[in-house]
Amino acid sequence: MIKVLRFAMTCTLAAFVATMAVSAFNPTPDFTKGDPEKGKVVFQRIGNCVNCHGWAGDGKAGRNPLSHAIGANIRESKLDAQGLYDVIRCGIPGSQMPYHDQVSYKDGRCFGLTMKDFALGAEPVRGKTMREAQMVDLIAYIEKYMIGHGAPNYEECVLYFGASAEKPCADVKGK
Ligand code: HEC
């Protein structure tokens, strides 16, 4: 009995320590540490940003047909690194833009709001959970390849898709 109890306590403690580790939260990370190439993987596969924003981040180009919403044109965003970070971790309540820090809206770290502040069914949408470093890499990617780049062109598309560019880049051929 005691053994079981002790085991249960160890588990609780381990879970608590794990929670503490993931919720370690830095409101202003060092954005110079971001690796744009790692960030590309976050955009494509970990965060699924591509589903709503398209490969080019313009909210349309070659959007995944499974996507549920049309995202904003990130290429025209006026947000700086901090602004992007806040949007990625907190989402945009009242829209389809999901939040990616699993602790958002559990305490007041996003806009001073918690889930209880939203009407039933109007709560912020939860996206894939990301670590701070992944968000910082993602921001480096967005800043290097999207913001201020104008309309997407073929060269960029080939860079994005590599060897499998033929089909997804057909609509920007000659651009
Ligand atoms: C389910 C669809 C969806 C997914 C997935 C999604 N977004 Fe969005 N995103 C949106 C929509 C819709 C908006 C516009 C919200 C509004 O302002 O009404 C938006 C807005 C944004 C903006 C704000 C642009 C600006 O300047 O106002 C940024 C930045 C952004 N998304 C980045 C991302 C990134 C990075 C990811 C991946 C981690 C991502 N989004 C995943 C739908 C999505």
Side-chain angles (χ1 to χ4, degrees), residues 22-107 109-115 117-153 156-157 159-162 164 168 171-172:
V22 289
S23 57
F25 165 71
N26 186 353
T28 48
D30 179 359
F31 295 109
T32 62
K33 291 219 170 85
D35 176 340
E37 305 317 316
K38 284 191 192 156
K40 179 178 178 178
V41 182
V42 180
F43 186 84
Q44 292 180 314
R45 291 202 290 273
I46 299 167
N48 288 340
C49 318
V50 63
N51 286 357
C52 295
H53 291 280
W55 68 264
D58 65 349
K60 38 182 194 284
R63 233 161 27 91
N64 184 327
L66 296 175
S67 58
H68 5 232
I70 297 179
N73 187 345
I74 301 176
R75 298 169 81 91
E76 290 177 354
S77 180
K78 303 274 180 292
L79 297 171
D80 60 6
Q82 182 68 49
L84 291 168
Y85 181 66
D86 292 339
V87 164
I88 294 166
R89 79 194 166 79
C90 296
I92 303 179
S95 86
Q96 287 291 307
M97 175 61 201
Y99 66 90
H100 296 88
D101 174 353
Q102 64 169 355
V103 219
S104 297
Y105 306 106
K106 289 198 173 140
D107 55 24
R109 67 183 60 186
C110 286
F111 317 112
L113 297 170
T114 68
M115 282 297 176
D117 296 312
F118 296 91
L120 210 64
E123 296 96 344
V125 183
R126 181 169 174 175
K128 293 274 190 73
T129 297
M130 273 185 226
R131 285 179 288 109
E132 180 188 301
Q134 290 175 315
M135 295 192 211
V136 170
D137 290 339
L138 176 60
I139 289 162
Y141 175 72
I142 291 173
E143 291 195 315
K144 182 169 178 193
Y145 292 105
M146 290 177 180
I147 292 189
H149 281 255
N153 63 36
E156 285 177 282
C157 189
L159 190 65
Y160 184 90
F161 287 101
S164 56
D171 60 337
V172 283

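Just so you know, ligand 1 is whichever comes first in the structure, and atom 1 is the first atom listed for that ligand.
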K.L.:
Is I142 close enough to touch ligand 1? Criterion: a residue heavy atom under 4.0 Å from a ligand atom.
P.N.:
yes

K.L.:
Which atom names give the shortest non-hydrogen contact between Q82 and F31, and what distance separates them?
P.N.:
OE1-CE1, 3.7 Å

K.L.:
Please name the pair of heavy atoms, one in M130 and one in I46, separated by the smallest distance, quoted to 0.1 Å.
P.N.:
CG-CG2, 4.5 Å

K.L.:
I'd like to check M115 versus P124 (side-chain heavy atoms, cut-off strictly below 4.5 Å). Are they in contact?
P.N.:
yes

K.L.:
Is it the side chain, the backbone, both or neither of E76 that has a heavy atom closer than 4.0 Å to ligand 1?
P.N.:
neither

K.L.:
Going by heavy atoms, is I74 under 4.0 Å from ligand 1?
P.N.:
yes

K.L.:
In terms of atom number and element, which parts of ligand 1 are under 4.0 angstrom from non-hydrogen atoms of C52?
P.N.:
1 (C), 2 (C), 3 (C), 4 (C), 5 (C), 42 (C), 43 (C)

K.L.:
What part of S95, side chain from CB on, backbone N/CA/C/O, both or neither, has a heavy atom under 4.0 Å from ligand 1?
P.N.:
side chain

K.L.:
Just which atoms of ligand 1 are under 4.0 Å from any heavy atom in L84?
P.N.:
29 (C)

K.L.:
Is the contact between M130 and ligand 1 made by the side chain, the backbone, both, or neither, using heavy atoms and a 4.0 Å cut-off?
P.N.:
side chain

K.L.:
Within M97, is some N, O or S atom less than 2.8 Å away from atom 8 (Fe) of ligand 1?
P.N.:
yes

K.L.:
Which of the numbered atoms in ligand 1 are under 4.0 angstrom from any heavy atom belonging to L138?
P.N.:
35 (C), 38 (C)

K.L.:
Honestly, is K40 close enough over Y160, meaning NZ or CZ under 6.0 Å from the six-membered ring centre and within 45° of the axis?
P.N.:
yes

K.L.:
Hey, does I74 have a side-chain heavy atom less than 4.5 Å from the side chain of D58?
P.N.:
no

K.L.:
Counting each atom of ligand 1 from 1 as listed, which ones have a heavy atom of L79 under 4.0 Å away?
P.N.:
25 (C), 26 (O)

K.L.:
If you look at every heavy atom in D137 and K33, which pair is closest and at what distance?
P.N.:
OD1-O, 4.1 Å

K.L.:
N/O of N48 under 3.5 Å from N/O of ligand 1, yes or no?
P.N.:
no

K.L.:
Indicate the atoms forming the closest heavy-atom contact of C49 with V42, along with that distance.
P.N.:
SG-O, 4.3 Å

K.L.:
Checking the side chain of H149 only, and the main-chain atoms of E156 only, is there a donor and an acceptor separated by less than 3.5 Å?
P.N.:
no

K.L.:
Is any side-chain heavy atom of P93 closer than 4.5 Å to a side-chain heavy atom of Y105?
P.N.:
yes

K.L.:
Counting only heavy atoms, tell me which of P98, G71, A72, G57 gets closest to atom 6 (C) of ligand 1.
P.N.:
P98

K.L.:
When only distance counts, is H53 in polar contact with ligand 1, meaning an N/O pair under 3.5 Å?
P.N.:
yes

